[in-house]
Amino acid sequence: MLLDLDGTMYDRGAPVPGAAAAVQTLRRRGIQVRFFTNTDSQSAESLLARARSRGVPAGPGDLFTPVTAAQRHLDGVPGARVLLLGNAAVRGELAEHCTLTDEAPTHVIIGDCHEELTYERLDAAFRAVRGGAELVALQRGRYSRNADGDHLDTGALVAAVEYAAEVEAGLLGKPSVDFLRLAAGDATDVWVAGDDRSTDIAMALAGGACAVQVRTGKYADQRSRTDLALASYEMNSVADLPAWLS
């Protein structure tokens, strides 16, 4: 069972009632539970600590992120030189897996970069891609839901470089099927529960997993949309999973 974090286990920073207890019940029944997220602004350690502070019963190895996917991707590209639009935490996560440089990069990786975003940095990314560097997106979210409201997300910046350079970025995070496969590991019967039809549900369906829509998080924003995939099943919240699976 793969469970989304933001919008599923917690919503705008507050734990979804009954979510943690549901995970504990599933594990007592012998169901392996892992968590995945498109958050691309923190180290794995800090993200895990934040999840725990919001009541998520997660330990090392239980969490998969786009930054984890980027590390594995770069390990398969010897000599990779990366121009990164990302924050300091992500730089630290990727530094041991590639050379971070603005000089003759082989790749441009775009993630959460609100700490360093300037026109000059965005323009440098565009020029590098025009020069032949591979464009890679940690994720393509249009907006994120925070305690203080909605905010522009990584996907908007990726779209700007794609449009200007006339290329399509490779995707490491949701809804990439490769992301699903890496997060699921060697599991063969995979269930995915999430709030976002454009990422969680689309990824599950494309990857052959059973998709479960929860009515928390972005559900209300997307409820009336006809252009997004519909999940196999729908329930009020992740807290309903144990009873529903019974």
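Note that the structure is a prediction, hence the values are computed from the model and not measured.
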Salt bridge flag under 4.0 Å for residues Asp4 and Lys218: no

Does any non-hydrogen side-chain atom of Val161 lie less than 4.5 Å from one of Leu122? yes

Does a side chain donor of either Ser246 or Arg29 reach within less than 3.5 Å of an acceptor in the other side chain? yes

Verify the neighbour count for atom CD of Glu234: are there more than 12 heavy atoms of other residues, nucleotides or ligands below 6.0 Å? yes

Can you confirm whether Arg127 is buried at CZ, in the sense that more than 12 heavy atoms of other residues, nucleotides or ligands lie under 6.0 Å from that atom? no

For Val82 and Leu94, what are the C-alpha separation, side-chain angles and deciding distance, and is it a side-chain contact (heavy atoms from CB on, under 4.5 Å)? CA-CA 9 Å; Val82 175; Leu94 298 185; 5.5 Å; no

Can you tell whether the side chains of Glu115 and Arg91 come within less than 4.0 Å, N to carboxylate O? no

Could you check whether Thr101 and Thr99, counting side-chain N and O atoms only, form a donor-acceptor pair closer than 3.5 Å? no

Could you walk me through whether Met9 and Val23 pass side-chain contact (heavy atoms from CB on, under 4.5 Å), step by step? CA-CA 10 Å; Met9 290 299 297; Val23 171; 3.7 Å; yes

Tell me whether Arg27 at atom CZ has more than 12 heavy atoms from other residues, nucleotides or ligands lying less than 6.0 Å away. yes

Among side-chain atoms of Arg50 and Ser53, is any donor-acceptor pair under 3.5 angstrom? no

Heavy-atom donor-acceptor pair, Asn146 side chain to Asp148 backbone, under 3.5 Å: no

Is the shortest side-chain N to carboxylate O distance from Arg181 to Asp178 below 4.0 Å? yes

Mark yes or no for whether Asp123, through its side chain, and Tyr119, through its backbone, hold a donor-acceptor pair below 3.5 Å. no

Just by distance, with hydrogens left out, do Asp11 and Thr216 show a side-chain donor and acceptor under 3.5 Å apart? no

Do the side chains of Arg54 and Leu5 get nearer than 4.5 Å, heavy atoms only? no

Of all heavy-atom pairs linking Arg197 and Leu228, the shortest is NH2-O, 2.6 Å

Quick check: do Cys113 and Leu157 have side-chain heavy atoms less than 4.5 Å from each other? yes

Hey, is Arg145 close enough to Asp153 for a salt bridge, meaning N to O under 4.0 Å? no

Partner residues of Arg52 under the side-chain contact (heavy atoms from CB on, under 4.5 Å) criterion, sequence neighbours left out: Leu48, Pro60

Residue pairs involving residues 25-44 (criterion ring-ring contact (aromatic ring centres under 6.0 Å, His included); sequence neighbours excluded): none

